[in-house]
*Asks:* 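Okay, handing you the structure first.
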Number of protein chains: 2
Amino acid sequence: MTESQSQKPDYERELRNAGVRITRPRRVILGILSDAGDHPDAMEIFRRAVAIDASISLSTVYRTMKLLEGVGAIHRHAFEGGPSRFEPAIGEHHDHLIDIETGDVIEFQSDRIEELQQEIARSLGYDIVHHRLELYGRKRRKR
Amino acid sequence: MTESQSQKPDYERELRNAGVRITRPRRVILGILSDAGDHPDAMEIFRRAVAIDASISLSTVYRTMKLLEGVGAIHRHAFEGGPSRFEPAIGEHHDHLIDIETGDVIEFQSDRIEELQQEIARSLGYDIVHHRLELYGRKRRKR
DNA sequence: AATGCAATTGCAAATCGTTTGCAACTGGAA
DNA sequence: TTCCAGTTGCAAACGATTTGCAATTGCATT
């Protein structure tokens, strides 16, 4: 359990400020996201939501994710070979190491790599709008 | 037109060695891949193939791509927001800068970044199986 | 507290990229 | 040439996600 991002985001406030109506399904979904320590996909969020309010639909989950993504409250990650997974957009930027055995996601950050990326883009005559760095690996067998 | 990877791969030989039958549709698709300077998606390969042999089907394109990927002859890239795009697996490893305006793909390579990735994975107790580094940007406006 | 209406919902159907079942059709070894 | 497993085209199935629509619901307004 990493303590790196334990501050839960106040989504309701964030959305209100963005002029978005707070409905019952949204409140449920936002609650789930707030204390999700992992990187759940839409179906998983849907499962957790239904456990709280059986009437919530998968469409609404998808629509809410799109909404939150739109206002920059969450990030969507399309890791290899699976559905999109989401995470609250709190804390500083980081990249991901995906455990190809378990699907677990480990966050990491490297200023040096970020710098190098900038340099490379510059040298190619480009401005980076965003980037994607994902390491896919397996836990090193201890020896 | 970059000259970086102008050596066309001999797919037929590669496939024969892998014990794969060389059929007419495959020959056409392989030809297209051999001299594709870009990173076409399945539909684009299909279009180019049909222009040569109208009887080729999209299924066959997909099946052939999967086959080639399986023997390591091509790489599949799932860039953001679009279908998979393919490129011959020749030359050394490289990453990609995607022009978000045009979809153009520019290849680049950074030993330093590769090293840093290794370091990071190590420090997290992982072995990297593969990785994905994509820069999404737009051409810098000259000033 | 009651009203009004645009925003939001659930549902089912549609979409997109890709894969698959199947019967017909080949490579290419014998 | 024969033969048959490998390969094909087609259409249907697929998984993830989006959408049209009619019914519902926040919530600003009375």
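Residue numbers start from 1 in every chain, and the chains themselves are labelled A, B, ... in the order their sequence lines are given, proteins ahead of strands.
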*Asks:* Which residues pass the ring pair (Phe, Tyr, Trp, His ring centres under 6.0 Å) test with Y62(A), sequence neighbours left out?
*Replies:*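 Not a single residue meets the ring pair (Phe, Tyr, Trp, His ring centres under 6.0 Å) criterion with Y62(A).
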
*Asks:* Tell me every residue that passes side-chain contact (heavy atoms from CB on, under 4.5 Å) with I52(B), counting only those two or more places apart in sequence or in another chain.
*Replies:*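 By the side-chain contact (heavy atoms from CB on, under 4.5 Å) rule, I52(B) matches V28(B), I32(B).
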
*Asks:* Below 4.0 angstrom from OP1 or OP2 of dT18(C), is there any side-chain N or O of S84(B)?
*Replies:*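 The answer is yes; a side-chain N or O of S84(B) sits under 4.0 Å from OP1 or OP2.
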
*Asks:* Once you round to the nearest 0.5 Å, how far does CD1 of I120(B) lie from CD1 of I113(A)?
*Replies:*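 Those atoms lie 4.0 Å apart.
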
*Asks:* Pick base, sugar-phosphate or nothing for R26(B), based on heavy-atom distances below 4.0 Å to the nucleic acid.
*Replies:*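 It contacts sugar-phosphate atoms only.
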
*Asks:* Grab the OH-P distance between Y62(A) and dA14(C) for me, whole Å please.
*Replies:*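 Between P of dA14(C) and OH of Y62(A): 19 Å.
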
*Asks:* Please report, rounded to the nearest Å, how far the P atom of dT18(C) is from the CG atom of L58(B).
*Replies:*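 Those two atoms, CG and P, are 9 Å apart.
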
*Asks:* For residues 48-60 of chain A, which residue pairs qualify under salt bridge (Lys or Arg N to Asp or Glu O under 4.0 Å), counting only residues two or more places apart or in two chains?
*Replies:*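 Every pair satisfying salt bridge (Lys or Arg N to Asp or Glu O under 4.0 Å) with a residue in residues 48-60 of chain A: R24(A)-D53(A), D38(A)-R48(A), E44(A)-R48(A).
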
*Asks:* Taking side-chain hydrogen bond (donor to acceptor under 3.5 Å, both in side chains) as the cut-off, I'd like each qualifying pair that reaches into residues 116-125 of chain A, sequence neighbours left out, listed once.
*Replies:*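 Residue pairs with at least one partner in residues 116-125 of chain A: Q117(A)-H131(A).
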
*Asks:* Want to settle it: does S57(A) or R85(B) sit nearer the 5' end of DNA chain C, counting the closest nucleotide to each?
*Replies:*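 This one resolves to S57(A).
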
*Asks:* Sequence neighbours left out, what pairs pass salt bridge (Lys or Arg N to Asp or Glu O under 4.0 Å) with at least one residue falling in residues 64-85 of chain A?
*Replies:*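 Applying salt bridge (Lys or Arg N to Asp or Glu O under 4.0 Å) to every pair that reaches into residues 64-85 of chain A, excluding sequence neighbours, yields E69(A)-R76(A).
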
*Asks:* Below 4.0 Å from chain B heavy atoms, what is the first contacting nucleotide of DNA chain D and what is the last?
*Replies:*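 Result: dA5(D) to dA11(D).
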
*Asks:* Holding to ring pair (Phe, Tyr, Trp, His ring centres under 6.0 Å), I want the full list of residues that pass it with F46(B), two or more places apart in sequence or in another chain.
*Replies:*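 For F46(B) there are no ring pair (Phe, Tyr, Trp, His ring centres under 6.0 Å) partners, ignoring immediate neighbours.
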
*Asks:* Treating primed atoms plus P, OP1 and OP2 as sugar-phosphate and everything else as base, which nucleotides of nucleotides 24-30 of chain C get B, S or - for protein heavy atoms under 4.0 Å?
*Replies:* --BBS--

*Asks:* At how many degrees, to 10°, do the end axes of the helix from dA1(C)-dT30(D) to dC16(C)-dG15(D) meet when each uses five pairs?
*Replies:*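 Here the helix ends are tilted 30° relative to one another.
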
*Asks:* If each of T64(A) and P83(B) is mapped to the nucleotide of DNA chain C with the nearest heavy atom, which maps nearer the 5' terminus, i.e. the 5' end?
*Replies:*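 Comparing both residues, the 5'-ward one is T64(A).
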
*Asks:* Kindly state which residues belonging to residues 98-106 of chain B come within less than 4.0 angstrom of DNA chain D, counting heavy atoms of the residue only, listed by number.
*Replies:*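 Those residues whose heavy atoms fall under 4.0 Å from DNA chain D, taken from residues 98-106 of chain B, amount to none.
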
*Asks:* Strictly by salt bridge (Lys or Arg N to Asp or Glu O under 4.0 Å), give each pair with a member in residues 95-106 of chain B just once, sequence neighbours left out.
*Replies:*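 Applying salt bridge (Lys or Arg N to Asp or Glu O under 4.0 Å) to every pair that reaches into residues 95-106 of chain B, excluding sequence neighbours, yields E101(B)-R138(B).
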
*Asks:* Starting at the 5' end of DNA chain D, which residue's closest nucleotide do you reach first, D41(A) or R63(A)?
*Replies:*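 Nearest nucleotide further toward 5': that of D41(A).
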
*Asks:* What's the separation between atom CG in L97(B) and atom CG in L124(A), rounded to the nearest 0.5 Å?
*Replies:*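 Rounded to the nearest 0.5 Å, the CG-CG separation comes to 6.0 Å.
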
*Asks:* Report the relative orientation of the aromatic rings in Y136(A) and H130(B); use parallel for angles under 30°, tilted for 30 to 60°, perpendicular for over 60°.
*Replies:*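 Y136(A) and H130(B): parallel rings.
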
*Asks:* I'd like to check T64(B) versus P25(B) (side-chain heavy atoms, cut-off strictly below 4.5 Å). Are they in contact?
*Replies:*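 When only atoms from C-beta onward are counted, P25(B) and T64(B) do not touch, as no gap falls below 4.5 Å.
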
*Asks:* When rounded to the nearest 0.5 angstrom, what distance separates CZ in R63(A) from CG in L58(A)?
*Replies:*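 Reported to 0.5 Å precision, the distance equals 10.0 Å.
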
*Asks:* Excluding sequence neighbours, so at least two apart, what forms ring pair (Phe, Tyr, Trp, His ring centres under 6.0 Å) with H75(A)?
*Replies:*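 H75(A): no ring pair (Phe, Tyr, Trp, His ring centres under 6.0 Å) contacts found.
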
